[in-house]
Number of protein chains: 2
Amino acid sequence: MEYSITRKERDCIVALRENSGFPVRLFNIAELLDIKAPTAFELIKRLESKNIIKKTNGVISLTPYGNSIYSEIIMAHRTLELILTRSGVNSDKACQQIEKIDYLMDDTSVQKLFKSLGQPQTCPHGKPIKLN
Amino acid sequence: MEYSITRKERDCIVALRENSGFPVRLFNIAELLDIKAPTAFELIKRLESKNIIKKTNGVISLTPYGNSIYSEIIMAHRTLELILTRSGVNSDKACQQIEKIDYLMDDTSVQKLFKSLGQPQTCPHGKPIKLN
DNA sequence: CATGATATTAGTATAATACTAAAATATATA
DNA sequence: TATATATTTTAGTATTATACTAATATCATG
């Protein structure tokens with residue numbers, strides 16, 4: 001898929017998808033990411049120009065491209081998380097650690113990693129690893 | 001050890017240590033990192049102010065603190081590299097992939113990872129994993 | 001001491017992050 | 001509908017990391 005995003009962009013993508021239970025607006029993102037509205041505005045503008053999110057009547061959502069990026073991030077996240085927790089790293093710690101790097105991983109490598117783990121169905125929290 | 005560095009700082013630390021066969025000066029770093037002298041100058045200034053490197057008559061070297069950071073980076077690098085290559089990722093690819101994240105890893109997690117791999121003596125390239 | 005090598009300063013630029021204050025726009029309610 | 005409230009956007013500023021060119025300074029050596 002070949003994407004290149006920043007840490008805050010990653011957090012925004014994840015927040016959007018993990019709060020899809022309600023219509024997410026700019027001020028929600030500001031709250032969720034703990035930043036002020038103008039900062040959120042900038043971030044959103046950047047993600048829009050990259051075609052990762054779109055705004056419809058002020059409601060922000062991931063584009064198909066954005067969703068595919070989310071899937072890769074979360075696949076990387078859970079795969080790595082599993083490796084760390086299996087090694088004895090506490091799961092909160094693992095999560096904290098992994099969110100610093102999950103969006104930097106190459107998908108091909110993650111896929112191989114995933115296969116070598118025996119294609120587990122769930123991560124340590126019980127959430128499905130494979131999405132889409 | 002708790003360090004926080006940037007990607008270019010990481011590259012500089014690694015380059016310094018991996019070219020310790022000769023006295024490394026500013027212009028060597030510029031060459032090694034493929035940046036112009038003034039950019040190298042800035043980078044070096046920053047690393048000096050963080051107490052990671054020191055300059056003695058124009059010759060740049062890692063401080064003890066810098067060396068300890070290098071050890072953690074390389075420990076993380078080789079451990080992760082081993083995990084990737086064992087999963088079937090080509091070793092050049094693995095290296096490329098891992099240098100994007102090795103300096104972001106928490107040492108405690110890396111230690112656990114390392115132990116769970118059976119404390120291997122060498123990485124895929126045959127270099128020792130444990131330093132110091 | 002002059003020349004060439006090396007380092008430094010000055011000035012500029014960009015991207016990502018972040019803020020405050022103010023203005024504009026939308027929405028809701030009296 | 002008018003006003004109040006909520007939300008978004010603009011304008012202006014700041015910081016950190018990265019990077020450059022051009023110019024100047026410093027150092028070492030022949």
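We use all heavy atoms of the structure for the numbers below, so side chains are in, but hydrogens, waters and symmetry mates are not. Below, chains carry the letters A, B, ... as their sequence lines are ordered, and counting in each starts from 1.
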Verdict with supporting geometry, B:Glu48 and B:Lys54, salt bridge (Lys or Arg N to Asp or Glu O under 4.0 Å): CA-CA 6 Å; B:Glu48 269 180 308; B:Lys54 63 178 186 294; over 6 Å; no

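- Following rounding to the nearest Å, A:Lys36 (NZ) and D:dT9 (P) show an atom-to-atom distance of 18 Å.
- Atom CD of B:Glu42 and atom C1' of C:dT8 are 10 Å apart (whole Å).
- Taking the side chain as every heavy atom from C-beta outward, A:Ile35 and A:Lys8 approach each other to under 4.5 Å.
- Side-chain nitrogen and oxygen atoms of B:Arg46 include at least one within less than 4.0 Å of the OP1 or OP2 phosphate oxygen of D:dT18.
- Atom CD1 of A:Ile29 and atom C1' of D:dT8 are 13 Å apart (whole Å).
- The interatomic distance linking B:Leu47 (CG) with D:dA17 (C1') rounds to 12 Å, in whole Å.
- Spacing between atom CG of A:Asn57 and atom P of C:dA26 amounts to 11 Å, rounded to whole angstrom units.
- Considering only the side chain of A:Lys50, C:dA16 comes nearest among D:dA22, C:dA16, D:dT9.
- Contact annotation: A:Arg25 reaches the phosphate of D:dT8 (side-chain N/O to OP1 or OP2, under 4.0 Å).
- One atom, CD1 of B:Ile35, and another, P of C:dT6, lie 16 Å apart when rounded to the nearest Å.
- A residue-by-residue look at A:Glu9 and A:Ala37 shows that A:Glu9 has its nearest nucleotide of DNA chain C further toward the 5' end.
- Contact annotation: B:Lys55 side-chain N/O to C:dT6 OP1/OP2 distance is not under 4.0 Å.
- In this structure, B:Phe41 atom CZ and D:dT18 atom P are separated by 16 Å, rounded to whole Å.
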Steps toward side-chain contact (heavy atoms from CB on, under 4.5 Å) verdict (B:Ile29, B:Cys12): CA-CA 7 Å; B:Ile29 289 181; B:Cys12 187; 4.0 Å; yes

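- Side-chain polar atoms of A:Tyr70 and A:Glu18 form a donor-acceptor pair below 3.5 angstrom.
- Here B:Thr39 reaches the OP1 or OP2 of D:dC20: one of its side-chain N or O atoms lies under 4.0 Å away.
- If you measure from atom NZ of A:Lys45 to atom P of D:dT9, you get 10 Å, rounded to the nearest angstrom.
- Around the NZ atom of B:Lys36, the shell of radius 6.0 Å holds no more than 12 heavy atoms that belong to other residues, nucleotides or ligands.
- Picking from D:dT18, C:dT9, C:dC19 the nucleotide with the shortest atom distance to the side chain of B:Pro38 gives C:dT9.
- When heavy atoms are screened at a 4.0 angstrom cut-off, B:Phe27 is found touching the sugar-phosphate backbone but no base atom.
- Across all strands shown, B:Thr6 has heavy atoms under 4.0 Å from sugar-phosphate atoms exclusively, and none from any base.
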